Engineer: 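First the structure, then my questions, so here it is.
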Amino acid sequence: MAHGIRTSLLTATSRASTFLLRIFLHKHQGIMDLAQACLNAIACMIWLSDTEFDCESVDNCQGGGSMALVCKAGSSYCIRSDITQGRTGQNVAFGVVNNVAAPTMKEKSVGFFSLSCNNEKVAWKFPLETLGFRGKRRNGVIVAASPPTEDAVVATEPLTKEDLVGYLASGCKPKENWRIGTEHEKFGFEIKTLQPMKYEQIAELLNGISERFDWDKVMEGDKIIGLKQGKQSISLEPGGQFELSGAPVETLHQTCAEVNSHLYQVKAVAEEMGIGFLGIGFQPKLGIKDIPVMPKGRYEIMRNYMPKVGSLGLDMMFRTCTVQVNLDFCSEADMIRKFRAGLALQPIATALFANSPFTEGKPNGYLSMRSQIWTDTDKDRTGMLPFVFDNSFGFEQYVDYALDVPMYFVYRKKKYIDCTGMTFRDFMAGNLPCIPGELPNLNDWENHLTTIFPEVRLKRYLEMRGADGGPWRRLCALPAFWVGLLYDEVSLQSILDMTADWTPEERQVLRDKVPKTGLKTPFRDGLLWHVAEDVLKLAKDGLERRGFKESGFLNEVAEVVRTGETPAEKLLELYKGKWGQSVDPVFEELLY
């Protein structure tokens with residue numbers, strides 16, 4: 001009965017407020033959008049006022065609305081969002097509005113009111129675009145320097161662990177708002193010499209794309225190190241690997257169109273420079289000493305730290321390329337299910353997309369050298385995360401894990417400060433020798449999460465990180481594989497049922513052996529190949545139930561499953577036969 005009264009009150013409040021606002025603001029659609037957002041927040045206040053509210057009753061992925069109540073052990077995670085001010089005086093967003101499934105650019109935002117929940121202050125903030133304020137684009141405008149997020153903000157009060165949990169929980173969104181964010185990396189090289197692009201050539205390429213196709217330049221000091229356009233961004237990995245982080249899109253058709261558009265733009269400028277791009281998981285020809293170093297501050301810190309914690313970390317930085325997809329969840333329970341399914345099946349994705357069999361001109365003994373490299377990069381921040389399968393796992397447990405992962409840096413005054421070896425837990429206590437007494441803000445937390453590299457990574461979305469880079473058709477196939485499995489409830493549950501009795505030891509053995517043996521890895525009474533056949537069918541069925549006619553994007557993967565032969569094995573056949581034991585032809589074979 002009480003819930004019905006609240007619902008009636010909400011309905012009446014919403015209708016009356018909307019009516020009055022429409023009278024006064026009917027010419028300002030952007031402000032009307034704000035009004036609706038305010039009404040949603042009022043709804044949240046009414047909703048949360050009932051201490052007996054059963055959170056599980058809304059913990060599903062079918063309901064509408066833009067708010068998600070995330071529950072844990074009977075209490076609400078209320079998302080506290082400080083309204084903070086950067087050094088330029090502009091507001092910096094940590095929003096719960098318009099979350100997206102790909103790495104987001106920080107937006108200017110404005111805050112209006114707050115509410116209390118579990119004695120925590122919650123400040124609601126709305127990106128200025130939501131209010132209808134849109135800046136005029138200018139060709140080649142220079143945007144802020146390029147930390148993983150924008151410049152550090154001044155914390156209004158110390159962060160708590162609950163804030164860090166709330167940050168992850170703020171990614172929850174209803175199913176109709178789920179999106180697909182695809183990222184891929186590729187190697188640029190001089191077509192005549194097969195040598196990697198130097199930074200000066202990369203700068204010329206970035207400037208050319210900016211001027212010709214209206215991208216905004218991203219600078220670090222006086223160096224161009226990336227581009228932004230809407231919610232897409234182009235960035236540089238440590239060895240000059242060229243990365244597109246795509247916008248969050250609704251369908252795989254949009255994903256593939258975005259990839260095609262990006263490759264067209266890159267090729268239009270690069271071909272005039274005599275530059276080509278290679279779709280492969282590991283640099284097939286050159287040693288680390290031959291790879292140029294990009295002028296990005298965070299990479300200098302990582303380059304100095306990596307040899308202290310693993311033997312292959314520099315190979316990871318300078319000689320690998322990947323394709324990954326970022327996917328949403330509607331609740332903590334949904335995140336857990338997708339996280340577990342993603343971890344269990346990541347070795348299958350590694351096998352299906354294995355595409356890195358060469359090192360310095362010769363076969364390296366692996367089908368996915370890229371995947372093998374991660375096994376000896378830094379054990380503190382990589383791996384299969386067995387704790388995700390514990391009954392107690394949730395947002396809070398991931399926060400506990402991340403708090404104890406050693407830090408790389410803190411970003412202050414447009415510079416990276418080396419904080420290697422210390423943890424974010426130390427930072428929370430004000431115990432970082434690199435910035436003594438200073439406390440972290442949410443930007444620091446967001447930056448820290450980008451320096452953790454497990455097979456599946458949690459931010460405000462989930463990243464599937466197990467696949468080698470490859471030619472353009474496989475750039476569309478990787479998101480298709482995971483969307484079919486994780487965005488369809490029937491397929492997701494089937495995967496969870498299939499993998500429910502897999503032991504931690506079995507999952508780890510698959511992770512360890514797949515880089516070398518691919519689909520021919522023994523598993524129980526058969527081969528991983530036979531499991532992949534069932535998994536691919538579930539992915540295809542899941543895509544068909546989505547109703548967007550997307551299953552054709554799995555054709556590249558279907559051929560691998562049909563033959564049991566990974567892309568790497570096909571390259572090795574060419575190397576031993578047609579190519580006469582030379583890797584040089586791979587630059588033409590896998591040229592974008």
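Because the structure is predicted, anything quoted here is derived from the model rather than measured.
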Engineer: I want to know whether F523 and H530 have ring centres closer than 6.0 Å.
Structural biologist: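 Ring centroids of F523 and H530 are no less than 6.0 Å from each other.
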Engineer: Under 2.5 Å between the sulfurs of C476 and C256, yes or no?
Structural biologist: yes
Engineer: List the steps, then state whether side-chain contact (heavy atoms from CB on, under 4.5 Å) holds for S233 with E243.
Structural biologist: CA-CA 8 Å; S233 64; E243 178 177 3; over 6 Å; no
Engineer: Look at the side chain of Q493 and the backbone N and O of E489, then say whether any donor-acceptor pair between them is shorter than 3.5 Å.
Structural biologist: no
Engineer: If you take the centroid of each ring, where Trp contributes its six-membered ring, are F358 and Y575 closer together than 6.0 Å?
Structural biologist: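 When the ring centroids of Y575 and F358 are compared, they turn out to be within the sub-6.0 Å range.
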Engineer: Less than 4.5 Å apart, any side-chain heavy atom of I348 and any of L536?
Structural biologist: no
Engineer: Measuring from R381:CZ to D404:CG, what's the distance to the nearest 0.5 Å?
Structural biologist: 12.0 Å
Engineer: Please tell me if the side chains of L527 and T521 come closer than 4.5 Å, counting only heavy atoms from C-beta onward.
Structural biologist: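 With C-beta onward as the side chain, the pair stays apart.
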Engineer: From the options K513, R511, R524, select the one residue that forms a salt bridge (Lys or Arg N to Asp or Glu O under 4.0 Å) with E506.
Structural biologist: R524
Engineer: Are the side chains of L385 and L343 in contact, using a 4.5 Å heavy-atom criterion?
Structural biologist: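 Side-chain contact under 4.5 Å: yes.
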Engineer: Contact between T450 and K459 at the side-chain level, heavy atoms closer than 4.5 Å - yes or no?
Structural biologist: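 Yes, close enough: below the 4.5 Å cut-off.
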Engineer: Does R457 make a cation-pi contact with Y398 (under 6.0 Å, within 45 degrees of the axis)?
Structural biologist: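 Verdict for Y398: no cation-pi partner in R457.
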Engineer: Before giving the answer on side chain to side chain donor-acceptor pair (under 3.5 Å), spell out for E258 and N260 the whole-Å C-alpha distance, their side-chain angles and the decisive distance to 0.1 Å.
Structural biologist: CA-CA 5 Å; E258 176 186 66; N260 288 339; over 6 Å; no
Engineer: Can you run down the salt bridge (charged side-chain N to carboxylate O under 4.0 Å, His left out) pairs that involve residues 566-577, sequence neighbours left out, and say none if there aren't any?
Structural biologist: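 Residue pairs passing salt bridge (charged side-chain N to carboxylate O under 4.0 Å, His left out), neighbours aside: K520-E569.
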Engineer: Hey, what do you get for CD1 (I180) to CG (L252), rounding to the nearest 0.5 Å?
Structural biologist: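 It is 4.0 Å, given to the nearest 0.5 Å.
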Engineer: Before accepting this row, confirm whether a basic side-chain N of the pair K161/D400 lies closer than 4.0 Å to the acidic partner's carboxylate O.
Structural biologist: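 Judged by the 4.0 Å cut-off on N to carboxylate O distance, K161 and D400 do form a salt bridge.
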Engineer: First locate atom OH of Y487, then atom CG of L543, and finally report the distance between them rounded to the nearest 0.5 Å.
Structural biologist: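 So the OH of Y487 and the CG of L543 are separated by 12.5 Å.
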Engineer: Under a 4.0 Å N-O cut-off, is there an ion pair linking K537 with D534?
Structural biologist: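 Looking at K537 and D534, the cut-off is not met.
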Engineer: Is it true that the side chains of N326 and E183 contain a donor and an acceptor less than 3.5 Å apart?
Structural biologist: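 Checked: N326/E183 side chains pair up, N/O donor to acceptor below 3.5 Å.
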Engineer: If you compare all heavy atoms of Q324 against all heavy atoms of M464, which two are closest, and at what distance to 0.1 Å?
Structural biologist: CB-O, 3.0 Å
Engineer: Nearest 0.5 Å, what's the OG1-CG distance between T377 and D315?
Structural biologist: 8.0 Å
Engineer: Checking the side chain of H253 only, and the main-chain atoms of K549 only, is there a donor and an acceptor separated by less than 3.5 Å?
Structural biologist: yes
Engineer: Might you confirm whether atom CZ of F548 has over 12 heavy atoms from other residues, nucleotides or ligands at distances under 6.0 Å?
Structural biologist: yes
Engineer: Starting from the C-alpha separation in whole Å, work towards a yes-or-no answer on side-chain contact (heavy atoms from CB on, under 4.5 Å) for T255 and L475.
Structural biologist: CA-CA 9 Å; T255 294; L475 302 183; over 6 Å; no
Engineer: Do the non-hydrogen side-chain atoms of R370 and C321 ever get within less than 4.5 Å of each other?
Structural biologist: no
Engineer: State, yes or no, whether a side-chain contact exists between P248 and K231 at a heavy-atom distance under 4.5 Å.
Structural biologist: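 The answer is yes; the side chains approach within 4.5 Å.
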Engineer: Roughly how far, to the nearest 0.5 Å, is CD of Q283 from CG of L278?
Structural biologist: 7.5 Å
Engineer: Does T322 offer a backbone N or O that forms a donor-acceptor pair with the side chain of E185 under 3.5 Å?
Structural biologist: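 At least one qualifying donor-acceptor pair exists.
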Engineer: Would you say the side chain of T499 lies within less than 4.5 Å of the side chain of W502, judging by non-hydrogen atoms?
Structural biologist: yes
Engineer: Does NZ or CZ of K516 come closer than 6.0 Å to the centre of the six-membered ring of Y366, within 45° of the ring's axis?
Structural biologist: yes
Engineer: Looking only at heavy atoms, which two atoms of I495 and A341 are closest? And how far apart?
Structural biologist: CG2-CB, 3.7 Å
Engineer: Write down the atom of V405, the atom of D380, and the distance for their closest heavy-atom approach.
Structural biologist: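 In terms of heavy atoms, the two residues are closest at CG2-O, 3.6 Å.
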Engineer: Hey, does the Lys NZ or Arg CZ of R507 hover above the aromatic six-ring of F389, less than 6.0 Å from the centre and inside 45° of the axis?
Structural biologist: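 Positive - R507 is close enough to the ring of F389 and near enough to its axis.
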Engineer: What about F453 and W374, are their ring centers closer than 6.0 Å?
Structural biologist: yes
Engineer: Between the main-chain N or O of M384 and the side-chain N or O of E455, is there a donor-acceptor pair closer than 3.5 Å?
Structural biologist: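 No; zero donor-acceptor contacts below 3.5 Å.
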Engineer: We want to know whether S356 and D468 form a side-chain donor-acceptor pair, criterion being a heavy-atom distance below 3.5 angstrom.
Structural biologist: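 Present: a donor and an acceptor within the cut-off.
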Engineer: Does the gap between the ring centers of F387 and Y401 come in under 6.0 Å?
Structural biologist: yes
Engineer: Determine, for W472 and K267, whether the Lys NZ or Arg CZ falls below 6.0 Å from the six-membered ring centre while staying within 45 degrees of the axis.
Structural biologist: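 The answer is no, since K267 fails at least one limit relative to W472.
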Engineer: What are the two closest non-hydrogen atoms of A467 and F353, and how far apart are they?
Structural biologist: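 The pair with the smallest heavy-atom distance is CB-CB, 3.8 Å.
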Engineer: Does the side chain of P454 come within less than 4.5 Å of T382's, by heavy atoms?
Structural biologist: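 Contact flag for T382/P454 side chains = no.
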Engineer: Do any N or O atoms from the side chain of D390 and from the backbone of F393 form a donor-acceptor pair under 3.5 angstrom?
Structural biologist: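 Flag not set: sc D390 to bb F393 has no pair under 3.5 Å.
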Engineer: Could you go through the side chain to side chain donor-acceptor pair (under 3.5 Å) check for T160 and D163 one step at a time?
Structural biologist: CA-CA 5 Å; T160 66; D163 295 328; 3.3 Å; yes
Engineer: Would you name the heavy atoms of W445 and A402 that are closest together and state the gap between them?
Structural biologist: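 Closest approach of W445 to A402: CH2-CB, 3.6 Å.
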Engineer: If you apply the rule side-chain contact (heavy atoms from CB on, under 4.5 Å), what do you find for N177 with D328, and how did you get there?
Structural biologist: CA-CA 9 Å; N177 292 341; D328 286 316; over 6 Å; no
Engineer: Do F242 and F187 make the cut of ring centroids closer than 6.0 angstrom?
Structural biologist: no
Engineer: May I ask you to say whether D541 pairs ionically with R546, meaning some side-chain N is under 4.0 Å from a carboxylate O?
Structural biologist: no
Engineer: Closest approach of P567 and V560, non-hydrogen atoms and distance?
Structural biologist: CD-CG2, 4.0 Å
Engineer: I would like to know whether H448 and Y408 meet ring-ring contact (aromatic ring centres under 6.0 Å, His included); could you show each step before the answer?
Structural biologist: CA-CA 8 Å; H448 179 57; Y408 283 151; 8.5 Å; no
Engineer: Between the side chain of T182 and the main-chain N/O of G246, is any donor-acceptor distance below 3.5 Å?
Structural biologist: no
Engineer: Give a yes or no on whether the backbone of A257 and the side-chain of S261 come within a donor-acceptor separation of less than 3.5 Å.
Structural biologist: no
Engineer: Walk me through whether N555 and E559 qualify under side chain to side chain donor-acceptor pair (under 3.5 Å).
Structural biologist: CA-CA 6 Å; N555 289 346; E559 177 64 14; over 6 Å; no
Engineer: Stepwise, does the side-chain contact (heavy atoms from CB on, under 4.5 Å) test hold for I373 with R319?
Structural biologist: CA-CA 10 Å; I373 280 168; R319 296 203 284 179; 5.8 Å; no
